[in-house]
Asker: 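Just passing along the structure, written as structure tokens.
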Amino acid sequence: MRDVGIPTADFSVFTNYDEAMRYVQEKGVSIVVKASGLALGKGVAVCRTLGEAETALKEIMLDRVFKDAGTKVVIERYLEGQEVSIHALSDGKTHVMFPVSQDHKTIGEGDTGKNTGGMGVIAPLSFVSAELMQEIERMIVKPTFDALRKKGIEYSGILYPGLKLTSMGPKVLEYNARFGDPECQVYMRLLKTDLLDILDACVDGKLSDQQIEWNTGFAANIVLVSGGYPDEYKKGLPITGIGEAEKVPGVVVFHASTQHQGPALMTAGGRVLSVSAVGATLKSALDRAYEAVGKVRFEGMYFRRDIGAKSL
Ligand code: GLY
């Protein structure tokens with residue numbers, strides 16, 4: 001991103017604890033400390049005080065809690081702003097933008113607590129104008145595909161940059177190389193064209209010939225998780241009410257971690273179901289989704305009650 005001028009947080013990379021600490025003292029907080037290797041999503045600390053930063057750096061670099069994943073540490077400026085998910089589909093030559101969506105990543109209401117795989121999504125976002133989407137495409141999406149092509153990488157499939165909309169413009173937080181989950185579920189509710197035709201066109205390198213139509217209106221989904229998630233939780237608990245939930249107009253329930261045991265349906269993981277709804281307005285989509293959520297039951301079921309609330 002730095003090499004090709006794609007906007008992201010200011011950052012520096014360190015392998016030495018003393019140098020990392022000096023940098024933090026010089027730059028001040030809020031900052032984000034990341035173990036550069038893979039750490040099961042746990043290697044990122046948002047530090048609001050110098051003390052928190054010192055603890056994070058000590059744990060990663062001196063105590064080696066993430067072992068070799070912490071040999072290199074990335075220290076970034078913390079970005080303030082709304083987090084949004086961008087999805088673009090590419091056949092290696094051209095790309096198409098999907099509508100913008102917003103996941104709610106933390107377990108607690110008001111965006112508090114531990115990070116999860118995603119607790120609920122809304123799309124599209126009324127606070128992201130067509131002009132801003134064009135800017136995101138021009139400053140982030142297109143330069144990313146161009147840079148990949150220059151490196152000889154033919155990128156075919158979904159590119160999903162996670163952005164923060166800061167007062168200094170949109171900036172990349174991360175790149176994913178897949179459909180976001182649960183973002184993908186709301187896209188499936190808004191997509192009018194058959195997904196298979198689009199993916200076929202993508203594989204054949206004919207994306208520029210493919211029309212992609214979206215339904216008007218809004219989609220929302222609410223993720224139902226097992227009590228305790230993202231830490232320890234129980235599995236194998238009976239689920240009821242999905243049929244009733246799907247009788248609410250506009251509602252489709254997606255299964256994430258369920259399993260049949262004879263005729264009964266059981267929980268089989270942390271994120272169990274996603275209750276999605278479409279509506280002419282965001283409010284009607286959310287009202288329908290929450291009405292349907294009220295019909296589903298399993299022991300310890302938890303969900304956030306504030307999905308999309310900031311956008312209403
Ligand atoms: N929705 C978050 C993710 O797929 O990473």
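Numbering of ligands and ligand atoms starts at 1, following listing order. None of the values given here were measured: they were computed from a predicted structure. Excluded from the calculations below are hydrogen atoms, water molecules and symmetry mates; all remaining heavy atoms, backbone and side chain alike, are included.
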Asker: For ligand 1, what N or O to protein N or O distances fall under 3.5 Å?
Answerer:
unit_1	atom_1	unit_2	atom_2	d
ligand 1	1 (N)	Asp103	OD2	2.6
ligand 1	1 (N)	Asp181	O	2.9
ligand 1	1 (N)	Glu183	OE1	2.6
ligand 1	1 (N)	Glu183	OE2	3.2
ligand 1	4 (O)	Arg178	NH1	2.8
ligand 1	4 (O)	Asp181	N	3.0
ligand 1	4 (O)	Asp181	O	3.2
ligand 1	5 (O)	Arg178	NH2	2.9

Asker: Cationic tip of Arg22 within the cone over Phe14's six-membered ring, i.e. under 6.0 Å and within 45° of the normal?
Answerer: no
Asker: Between Lys310 and Asp111, is a salt bridge (charged side-chain N to carboxylate O under 4.0 Å, His left out) present by the stated rule, with each step listed?
Answerer: CA-CA 11 Å; Lys310 280 193 302 233; Asp111 298 327; 2.7 Å; yes
Asker: Could you pull out all donor-acceptor pairs under 3.5 Å where a side-chain atom in residues 249-259 meets a protein atom, sequence neighbours excluded?
Answerer:
unit_1	atom_1	unit_2	atom_2	d
His255	ND1	Thr258	OG1	2.9
Ser257	OG	Arg271	O	3.1

Asker: Between the side chains of Gln185 and Ser276, does any donor sit under 3.5 Å from an acceptor?
Answerer: no
Asker: Could you check whether any side-chain heavy atom of Tyr175 comes within less than 4.5 Å of a side-chain heavy atom of Ile6, counting everything from C-beta outward?
Answerer: yes
Asker: Over all heavy atoms of both residues, which pair between Cys184 and Phe179 is shortest? Give the atoms and the distance, please.
Answerer: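 Smallest heavy-atom distance, with atoms named: SG-CG, 3.6 Å.
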